[in-house]
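Below is one structure, written out as structure tokens; the observations come after it.
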There are 2 protein chains.
Amino acid sequence: MVRSDHRPGSQLPVTPTTLADVAERAGVSRQTVSNAVNNPDLLRPDTLERVRQTIAELGYSPNRAARNLRTRTSSLIGLRFTPAQEGTANAMMDRFVHSLVEASDEAGYHVLLFPADDEDPIGGYDNLLRSTAVDAFVVTDTYLGNPQAAWLSQQRAPFVAFGRPWDDDVARHVWVDVDGAAGTRLATQHLIDRGHTRIAWIGWRKDSPIGEDRRAGWVSTMHANGLPTTGMASRVEDVVHSGAEAAAVLLDESEPTAFVCASDTLAMGVLHTLWIRQLAPGRDIAVVGFDDSQVAQVFPVGLTSVRQPLEDVAVEIVRTLSALLSHQPVETRGVLLAPTLAIRGSS
Amino acid sequence: MVRSDHRPGSQLPVTPTTLADVAERAGVSRQTVSNAVNNPDLLRPDTLERVRQTIAELGYSPNRAARNLRTRTSSLIGLRFTPAQEGTANAMMDRFVHSLVEASDEAGYHVLLFPADDEDPIGGYDNLLRSTAVDAFVVTDTYLGNPQAAWLSQQRAPFVAFGRPWDDDVARHVWVDVDGAAGTRLATQHLIDRGHTRIAWIGWRKDSPIGEDRRAGWVSTMHANGLPTTGMASRVEDVVHSGAEAAAVLLDESEPTAFVCASDTLAMGVLHTLWIRQLAPGRDIAVVGFDDSQVAQVFPVGLTSVRQPLEDVAVEIVRTLSALLSHQPVETRGVLLAPTLAIRGSS
DNA sequence: CACCCCCCCTTGATCGATCCAACTGCGTGA
DNA sequence: TCACGCAGTTGGATCGATCAAGGGGGGGTG
């Protein structure tokens, strides 16, 4: 990134400097200035130096609109911003957006946010696409039956999805995702290593493929270690009190010594039940959550949680987008990244 | 907002439709189509209808770059995105950004994110401004000594700050802020109403004007009710364990029955100490936090917390920005909004 | 010496919208 | 009858960059 100098005394001219201004001042043509900016190799070193000096003197920066018009690009990446639901612990968007902004910046892109309209999930995409306001999209909500990915594919709009195309085997778009099953495998194995044998699962309803994926990690690790899973699992809504209820039932019926949860929200429910029953998390009963939310981080003893590598996801997404936009062949259709486990007091 | 139809069968043409295409098809001139979009009043009703129909048929949407170039605007609002710090509960950015995106959309703007570079706090602003990539900025981090507001003012760049210009009495820029003192007044009065008389304060270090503002609300309410404040206050770093330590000291030395905290992070520290001492929050000791973070919402018994009206802040900011950008006189230089109290189990 | 080529740079056209000034047809009043 | 105003429409110029093609000078080659 070029770091412009901004002396306290300098002030932006009323009419910004244009390429023509620079050209005249430097005694060269417009095209030469353009080349100095975009294709420095084409200039003789001394000319390049002279033009660059003039650019610095005048504080010139190419007009985005003009460049966009001519090149038919915008250097913008569209992201439909969906906020964290109130009353849940699920706030990974914040971290992800930050990473995406950073990664995009390094690749020369900016991130454009647009609102989610539940009644018209495609509307925002359609408008931006038609008006050529963005070069590409990052699609984050690839839940089952979401029409966005299919629609964008059909429009031949460049985009990368954060999330696998669960419902559609023939989906031809590019995606980056986190291996949820690997995360719960880490969590379950961690508990087994600590000596637990009766490890319960509290996850989401069966219609959530993400939830089923995470559940699969628990199941496979339990079985691989010859441990029982029957009667040890519960599928509920992703809200705190559902997690609390599920924990209460499981504690009564199956006497688990540890819980693996599909989310930090559910884990907080478990902790609530433990609190009511005067059971100490970490000492009496171990709990592991998913997402490494701020909740997990500041909870008194700390909640052990599976942490998604959102920084890596963002970097991978931007890398893929850059390739797509420069019409390079994209080698792989999907990338699956491994999460880590943030171990804290609750286990 | 215009809702475009996007039938599943339709596909974006390789070369997007232009105004000229619409004009030809509708049998009118380009200017007439432009007027149909921007100044419908100038057209005869039947002509307008015909043009609109053609626009719909062709799925035309004005090219953003061309419009931006000609009108010297971008309909973009720049926001420097700073993520929540790890290990704290302070995640209001998420809610604020969402509100800002919604409010901006309704006013015809989009939000452009750019990364924070700590070494060069103005770099991002400077680049976007020079290249006329955004129309205005929303500045969020108006902490003491932050040069951004002053610099932007000096560049005559339109912007609205979320946060008062604490350090600079002569600052002439427009701002919107939340009345932190009013928030802690609400919190303190709430505790007094519940019968508490020994109410402690845990806040930030003295060099934070925001922290001092919040503290003032506690002080004034205590005094107004003839309650003591000496020896009941502590100023620490905004991290969990500092809050925990401060709570321990205060409990030992001053025997408070309630705590008001400058942040949910500190409140979590208090809750940690209560947990260690086997004291039940809400029953034995009351705790109130600040920010109504997700942490406050999902904590087992729930943490009572001051909630900033971020939706209103966003609306007010966008309203002010729109006025600034249309060169209307801005009536007030600053707007102060009142927070509310989200009451939960901890009090 | 003529020729070609390559390097470096310049010139005119273009992207697609809006701004500007002028032009048309129609009705009105002198 | 004709000037005039008004509403609706028109073609041309413009925003500021990049694309495509063209030109001049120096060096190498036949």
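Quick note on labels: first sequence line is chain A, next is B, and so on, each numbered from 1. Computation of the quantities below employed the complete heavy-atom set of this structure, encompassing side-chain atoms and omitting hydrogens, waters and symmetry-equivalent molecules. Just so we're clear, the structure is a prediction, and the values are computed from it rather than from any experiment.
- Residue A:R70 places no side-chain atom within donor-acceptor reach of the base of C:dG16, judged by atom type and a 3.5 Å distance cut-off alone.
- Phosphate proximity of C:dG16 to A:R72: present, with a side-chain N or O under 4.0 Å from OP1 or OP2.
- Salt bridge A:R52/A:E49: absent, no basic N to carboxylate O contact under 4.0 Å.
- The CZ-P distance, from B:R44 to C:dG27, rounds to 12 Å in whole Å.
- Ranked by how close their nearest DNA chain C nucleotide is to the 5' end, A:G27 and B:N38 are led by A:G27.
- At C:dT18, none of the side-chain N or O atoms of B:R30 fall inside 4.0 Å of OP1 or OP2 (strictly under the cut-off).
- If you check every strand for non-hydrogen atoms under 4.0 Å, A:T32 touches a base.
- As a whole-Å value, the separation of A:L69 CG from D:dT14 P is 17 Å.
- Residue B:L19 contributes atom CG, which lies 12 Å from atom P of D:dT10 at whole-angstrom precision.
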Please determine whether ring-ring contact (aromatic ring centres under 6.0 Å, His included) holds for the pair A:F114 and A:Y125, giving the CA-CA distance in whole Å, both sets of side-chain angles, and the decisive distance to 0.1 Å. CA-CA 9 Å; A:F114 60 99; A:Y125 291 98; 5.0 Å; yes
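- When the C1' atoms of four end pairs are superposed on the next four at each end of the helix from C:dC1-D:dG30 to C:dA30-D:dT1, using five pairs per end, the two resulting axes differ in direction by 70°, to 10°.
- One finds no side-chain N or O of B:T47 lying less than 4.0 angstrom from the OP1 or OP2 phosphate oxygen of D:dG8.
- If you measure from atom CG of B:N68 to atom P of C:dC19, you get 13 Å, rounded to the nearest angstrom.
- Among the protein residues, B:S29 comes within range of the nucleic acid bases, having at least one heavy atom under 4.0 Å from a base atom.
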